[in-house]
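We count residues from 1, following the sequence as given.
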Amino acid sequence: MKLYDYILSPSCYKIRLMAAILGVKLDIRPVDFHPGAEHRGPELLALNPAGSIPILEDGDLVLTESSAILAYLAALSGPEWLGGSAPQETARLQQWLSFSHRLTANLGGARLHQMLLRPGNIEAMQAQGVEALRELEAGLFEQRLRGMRFLVSERATIADIACFPYVALAPDGGISLDPYPNIRLWLRAIRSLEGFIEMPGIHRLHELKPDPHPAGLEK
């Protein structure tokens, strides 16, 4: 499988993260997104007329939407990441996948404005981002009342991977995560998943270092 990828793109990172967790090997094809705008060049427009990345090629199959790519990778590896068979879980998963596209527009838009000077109404995008984070915080609080750490069930699903990067990178767009304790716990739970990988701005969890001054020794 070949992934057309930009290292700073949260949408591309979703795919790299999902593949790493599942143990799926990807052939990474770097794209000069900025400043080269290679995603709008003839080679990539032939694959995706929308002029966006990520793009996944697997033989004759070409997928150009991150949610579809996540679902494809998960389906190849088994049903666990697709939310189970209960109608409520299926519906909840689809709802959070749709929500993830809103995060791309508001949190992602604010980040592009702040980091790459992309035109846009930064105040409106930040306000919409805060509204989305409050919605996510409420959803995660309700899940914790049910005894669940993730958006759909006690297990992580593609919905969590779809929403994770733009939320984790919200501070790049000038939006603090300090007011959202349930979001911060959820971010930590995802970063604790076996196979988790980093991207610039999102780091692995680190084990606590041993106390350099054990009890009874002078500090």
Side-chain angles (χ1 to χ4, degrees), residues 1-31 33 38-39 43-104 108 136 139 143 148-169 186-200 202 204-205:
M1 279 184 274
K2 179 187 292 185
L3 176 67
Y4 292 82
D5 175 72
Y6 178 54
I7 190 65
L8 295 179
S9 164
S11 291
C12 293
Y13 168 62
K14 297 176 190 182
I15 311 307
R16 300 196 307 272
L17 176 58
M18 186 84 261
I21 291 172
L22 295 175
V24 174
K25 182 175 175 54
L26 295 176
D27 176 17
I28 302 295
R29 158 62 161 87
V31 173
F33 181 88
E38 186 184 2
H39 56 298
E43 177 190 355
L44 296 193
L45 285 176
L47 293 172
N48 182 11
S52 63
I53 50 175
I55 301 170
L56 183 78
E57 283 187 304
D58 188 14
D60 294 333
L61 177 67
V62 178
L63 296 173
T64 60
E65 296 291 338
S66 60
S67 293
I69 299 172
L70 290 175
Y72 179 65
L73 294 176
L76 290 177
S77 302
E80 296 86 0
W81 285 86
L82 295 173
S85 58
Q88 299 92 332
E89 290 184 350
T90 300
R92 201 174 290 140
L93 179 120
Q94 293 298 327
Q95 181 164 289
W96 285 116
L97 285 178
S98 296
F99 176 82
S100 72
H101 296 293
R102 288 168 49 197
L103 297 177
T104 303
L136 178 61
Q143 282 293 88
M148 299 178 184
R149 295 179 298 161
F150 297 102
L151 289 172
V152 175
S153 67
E154 174 53 22
R155 291 181 53 89
T157 67
I158 62 171
D160 296 283
I161 303 302
C163 293
F164 170 74
Y166 284 104
V167 174
L169 293 168
W186 170 73
L187 293 175
R188 184 177 181 85
I190 295 174
R191 291 166 67 206
S192 299
L193 293 171
E194 185 175 353
F196 182 88
I197 59 171
E198 302 172 329
M199 73 163 281
I202 300 178
R204 289 182 175 89
L205 293 177

For residues 54-65, dump all side-chain donor-acceptor pairs below 3.5 Å to protein atoms at least two apart in sequence or in another chain.
residue: Glu57; atom: OE1; partner: Tyr4; partner atom: OH; Å: 3.0
residue: Asp58; atom: OD2; partner: Tyr72; partner atom: OH; Å: 2.5

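- Here the side chains of Met1 and Leu76 are in contact, with some heavy-atom distance below 4.5 Å.
- Sorted by first and then second residue, the salt bridge (charged side-chain N to carboxylate O under 4.0 Å, His left out) pairs involving residues 3-20 (not counting sequence neighbours) are Asp5-Arg16.
- Glu198 contributes a side-chain N or O that, together with a main-chain N or O of Arg204, makes up a donor-acceptor pair within less than 3.5 Å.
- Residues meeting the side chain to side chain contact (heavy atoms under 4.5 Å, CB included) test with Ala86, sequence neighbours left out: Gln88, Glu89.
- In this structure, the separation between CD1 on Ile158 and OG on Ser67 is 7.0 Å, given to the nearest 0.5 Å.
- Between Ala162 and Leu97, the closest heavy-atom pair is CB-CD2, 3.7 Å.
- The minimum heavy-atom distance between Val167 and Leu103, with the atom names listed, is CG2-CD1, 3.7 Å.
- The closest side-chain heavy-atom distance from Leu205 to Phe196 is not below 4.5 Å.
- Phe150 and Ala156 make their closest contact through CD1-N, 3.4 Å (heavy atoms, listed as atom of the first residue, atom of the second, distance).
- Annotation: side chain of Ser11 is in contact with side chain of Tyr166 (closest heavy-atom distance under 4.5 Å).
- Summarising the local packing, CD of Gln95 is surrounded by 12 or fewer heavy atoms from other residues, nucleotides or ligands at distances under 6.0 Å.
- To the nearest 0.5 Å, atoms OG (Ser77) and CG (Leu82) are separated by 9.5 Å.
- Listed here is the closest heavy atom pair of Pro200 and Leu169: O-CD2, 4.0 Å.
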Yes or no on side-chain contact (heavy atoms from CB on, under 4.5 Å) for Gln143 and Trp186, after CA distance, side-chain angles and deciding distance?
CA-CA 11 Å; Gln143 282 293 88; Trp186 170 73; over 6 Å; no
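- Take Arg149 and apply the salt bridge (Lys or Arg N to Asp or Glu O under 4.0 Å) test, not counting sequence neighbours, and it matches Glu154.
- Looking at residues two or more places apart in sequence or on another chain, you find a salt bridge (Lys or Arg N to Asp or Glu O under 4.0 Å) between Arg29 and Glu38, Glu43.
- With rounding to the nearest 0.5 Å, the separation of CD1 in Ile69 from CG in Leu3 is 6.5 Å.
- Of the possible polar contacts, one joining the Tyr13 side chain to the Ile197 backbone as a donor-acceptor pair under 3.5 Å is found.
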Evaluate the criterion side-chain contact (heavy atoms from CB on, under 4.5 Å) for residue pair Phe99 and Leu151; output intermediate values, then yes/no.
CA-CA 11 Å; Phe99 176 82; Leu151 289 172; over 6 Å; no
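- Distance check, rounded to the nearest 0.5 Å: CG of Leu73 to CG of Leu26 gives 6.5 Å.
- The nearest pair of heavy atoms linking Ile15 to Ser66 is CD1-O, 3.7 Å.
- Considering only residues two or more places apart in sequence or on other chains, Phe33 meets the ring pair (Phe, Tyr, Trp, His ring centres under 6.0 Å) condition with Tyr6, His39.
- No side-chain heavy atom of Trp96 sits under 4.5 Å from any side-chain heavy atom of Thr157.
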